[in-house]
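One structure below.
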Amino acid sequence: MAGLLVPLLAAAPVRADQVLQVGNGDEPGTLDPQKSLDVPGGRILFSLCEGLVGMDAAGRPIPGAAEHWHISADGRTWVFTLRAGARWSDGRAMSAEDWVWSWRRAVTPAIRVGLPEVLAPIRHAEAIMAGRLPPDMLGVRALDARTLEVELERNSPEFLYNMSERAAMPVPRHVIEVKGDAWTRPGTMVCNGPFTLTEQVPHAYVRAVRNPYFHDAASVALDAVVWHASEDNQTELKRFRTGELHVTDTVPSAQLDWTRDHLAQALRVAPYAATVFLVPNLTREPWASSPGLRRALALAIDRDMLVSRITRAGERPAYTLVPPGLGGIAGGPDWAAWPQERRDAEARRLMRDAGYGPERPLSLELTYNGNDTNDRIVVAVAAMWQAKLGVQTVFRAEDLKQQVARMRSRNWTDLIRISWAWNRARGYLAPMLPGASNWNGYDSPAFRTAMLQADMARDEKAYAALLGTAQLTALADMPVIPLYHQTSRHLVSPRVRGWTDNVIDLHLPRWLSLADQ
């Protein structure tokens with residue numbers, strides 16, 4: 001209990017000119033890292049907590065809470081050595097037992113971990129999340145205070161990247177057992193990242209100040225960060241122009257030309273490993289029993305028109321789940337090479353085969369999180385379906401928190417629009433597997449077999465090739481409908497130093513600073 005005797009360090013004064021003001025999109029759903037799923041929450045949590053593995057300014061893995069690690073010859077046993085003197089943000093000492101407790105909590109079915117695929121490779125994790133085994137059977141143990149051993153069910157080429165993700169971050173047992181779900185509130189939340197939570201105003205902002213107990217606190221230049229909820233992209237643009245924000249969440253599609261002309265030095269557009277999908281609810285009819293119907297809707301969408309006339313920031317039409325080139329994955333469906341006229345003709349044939357036509361038009365509800373770009377995209381897609389297939393679409397616009405809740409409970413009527421970002425290829429395919437992370441009820445024995453074969457690969461080249469086969473197997477069923485692969489687009493003040501464009505669009509305040517005004 002020596003950690004309890006460590007005096008709390010005096011909080012350093014916060015200099016007003018060293019507070020980074022960030023536009024962060026929708027309201028974060030939760031600041032519990034093990035339950036978090038949405039992008040706005042993730043951006044905040046990567047500053048409040050740190051996994052065994054961290055990320056540098058370019059989004060590459062680096063030592064985090066662990067200073068180094070060892071991997072067995074068969075790739076199934078990992079041993080992490082924690083940093084000496086590691087502490088929670090309240091000054092209490094951390095140990096390997098904190099990680100054991102945290103991960104057991106994460107896989108407990110009642111927690112409903114937001115990103116279960118992160119911990120799924122660990123021995124018994126999937127069985128525990130399914131309720132078939134108790135959490136203390138998880139393949140993780142503390143060898144001593146600084147040494148954590150992790151046993152995997154199988155070789156996992158992506159496990160190192162997983163160790164930086166939210167679901168693998170530590171949570172403080174000594175706080176949670178006293179405060180319960182209230183542990184994430186300002187003044188109560190304790191974690192181990194470069195910043196610590198001090199204030200949260202719903203639908204307004206989240207504020208955090210530099211954590212003096214962070215292992216690399218001396219290199220953190222900013223005194224504080226404020227993440228502003230900015231659900232209205234036009235308002236966010238105005239706040240940037242008046243100097244209220246140093247960084248925007250995005251740039252409205254309708255304002256791209258104006259920003260290129262007037263804010264060219266601030267505009268940052270870069271490739272982004274993220275795909276926008278429409279996801280049919282396969283627990284409901286007609287979606288569950290009609291892959292032809294799903295394929296018809298997919299074929300009728302003119303993706304070139306979407307990216308050239310609406311998004312207009314270098315996005316790429318999406319015919320695959322995995323963004324092209326990520327992890328060396330190659331190939332796509334045959335119809336990706338067809339002219340749009342041929343796709344439309346095939347879509348009409350499939351609609352007739354599914355029993356729909358002028359005498360029996362298909363009606364559906366499309367749920368999405370509303371903003372400038374998404375509003376225009378769903379209207380355009382619905383117009384294509386109406387003109388080509390006679391489909392009647394009703395829109396349901398909700399905030400991101402509502403959407404995440406619907407996805408977790410599979411509680412939407414027909415189709416839901418999502419954006420999925422992951423730093424490795426398997427993360428785009430894992431939600432098609434049965435289990436805790438499954439999006440929409442899809443289950444294919446052929447796809448499961450293809451993924452198992454990929455997971456058994458012993459080198460990166462074979463792994464990529466087998467993941468490509470698994471992707472094509474899933475696409476034959478069209479369990480989800482890819483629309484386009486995104487780019488990141490931000491306005492970044494010239495005062496911000498250290499900004500590095502990267503494919504995961506993660507810009508940790510730990511690596512940023514503000515130049516003098």
Next on the checklist: I'd like to know whether Asn371 forms a side chain to side chain donor-acceptor pair (under 3.5 Å) with Thr373, so could you lay out the CA-CA distance, the side-chain angles of the two residues, the decisive distance to 0.1 Å, and finally the verdict.
Outcome noted: CA-CA 6 Å; Asn371 62 36; Thr373 300; 4.7 Å; no

Item to check | From CA spacing to verdict: side chain to side chain donor-acceptor pair (under 3.5 Å), Trp511, Asp56 | outcome: CA-CA 8 Å; Trp511 306 115; Asp56 67 10; over 6 Å; no

Checklist entry - What do the steps show when you test Asp443 against Arg448 for salt bridge (charged side-chain N to carboxylate O under 4.0 Å, His left out), and what is the final call? => result CA-CA 8 Å; Asp443 186 11; Arg448 277 188 273 124; 2.8 Å; yes

Item to check | Test log, rule side-chain contact (heavy atoms from CB on, under 4.5 Å), inputs Trp103 and Leu148 | outcome: CA-CA 12 Å; Trp103 289 3; Leu148 185 73; 4.2 Å; yes

Item to check | Audit row: Arg105, Asp32, salt bridge (charged side-chain N to carboxylate O under 4.0 Å, His left out) steps and yes/no | outcome: CA-CA 12 Å; Arg105 174 186 185 261; Asp32 186 322; 2.7 Å; yes

Item to check | Worked check of side-chain contact (heavy atoms from CB on, under 4.5 Å) between Asn192 and Asp98 | outcome: CA-CA 11 Å; Asn192 69 328; Asp98 289 313; over 6 Å; no

Item to check | Pair Leu297-Arg294, side-chain contact (heavy atoms from CB on, under 4.5 Å): steps then yes or no | outcome: CA-CA 5 Å; Leu297 295 182; Arg294 306 192 298 261; over 6 Å; no

Checklist entry - Given the rule in the side-chain contact (heavy atoms from CB on, under 4.5 Å) test, do Thr196 and Val209 qualify, once you have shown the distances and angles that lead to the verdict? => result CA-CA 5 Å; Thr196 187; Val209 301; 3.8 Å; yes

Next on the checklist: Is there a side chain to side chain donor-acceptor pair (under 3.5 Å) between Thr283 and Arg410? Walk through the geometry before answering.
Outcome noted: CA-CA 8 Å; Thr283 68; Arg410 296 181 187 160; over 6 Å; no

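In this structure, the side chain of Asp90 does not engage the main chain of Val190 through any donor-acceptor pair within 3.5 Å. No side-chain donor-acceptor contact under 3.5 Å links Arg303 to the backbone of Arg316. The closest donor-acceptor contact from the side chain of Thr469 to the backbone of Ala465 lies under 3.5 Å. Here the side chain of Gln403 pairs a donor or acceptor atom with the backbone of Arg417 at under 3.5 angstrom. Formation of a donor-acceptor pair under 3.5 Å by the Asn281 side chain with backbone atoms of Trp412 is found in this model. With hydrogens and angles ignored, the 3.5 Å screen pairs a side-chain donor or acceptor of Asn211 with a backbone N or O of Gly193. Side chain of Asp26 to backbone of Asp399: no donor-acceptor contact under 3.5 angstrom is found.
A salt bridge links Lys35 with Asp181: the distance from a Lys NZ or Arg NE/NH1/NH2 to an Asp or Glu carboxylate oxygen falls below 4.0 Å. Ion pairing of Glu67 with Arg146 is present here, as a side-chain N (NZ or NE/NH1/NH2) and a carboxylate O approach within less than 4.0 Å. Arg510 and Glu50 are joined by a salt bridge, as a carboxylate oxygen and a charged side-chain nitrogen come within less than 4.0 angstrom of each other.
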Throw together a table of side-chain donor-acceptor distances under 3.5 angstrom for residues 319-328, partners on residues two or more places apart or in other chains.
residue : atom : partner : partner atom : Å
Tyr319  : OH   : Arg343  : NH1          : 3.4
Tyr319  : OH   : Arg343  : NH2          : 3.4
Thr320  : OG1  : Val322  : O            : 2.8

Check residues 109-124 and write down every donor-acceptor pair under 3.5 Å in which the side-chain atom is one partner and the other belongs to a residue at least two apart or another chain.
residue : atom : partner : partner atom : Å
Arg112  : NH2  : Arg408  : O            : 2.5
His124  : ND1  : Met137  : O            : 2.8

Result block: side-chain N/O donor-acceptor pairs under 3.5 angstrom for residues 427-434, not counting sequence neighbours:
residue : atom : partner : partner atom : Å
Tyr428  : OH   : Ala273  : O            : 2.4
Tyr428  : OH   : Ala274  : N            : 3.4
Tyr428  : OH   : Trp422  : N            : 3.1
Tyr428  : OH   : Trp422  : O            : 3.3

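Between Ser95 and Leu82 the shortest side-chain heavy-atom distance does not fall below 4.5 Å.
One finds the CZ atom of Arg295 at 14.5 Å from the CE atom of Met351 (value rounded to the nearest 0.5 Å). Here CG of Leu37 is found 5.0 Å from CH2 of Trp420. Values are rounded to the nearest 0.5 Å. In this structure, OG on Ser488 lies 9.5 Å from CD on Glu315, to the nearest 0.5 angstrom.
Among residues at least two apart or in separate chains, there is no ring pair (Phe, Tyr, Trp, His ring centres under 6.0 Å) pair with a member in residues 37-62. Each ring pair (Phe, Tyr, Trp, His ring centres under 6.0 Å) pair with one or both residues in residues 143-170, not counting sequence neighbours, appears once here: Trp78-Phe159.
Taking the six-membered ring where the residue is Trp, the centroids of Trp99 and Phe80 are separated by 6.0 Å or more.
Within 6.0 Å of the CZ atom in Arg154, the count of heavy atoms belonging to other residues, nucleotides or ligands exceeds 12.
When the side chain to side chain donor-acceptor pair (under 3.5 Å) test is applied to Asp249, the partners found at least two apart in sequence or on another chain are Arg43.
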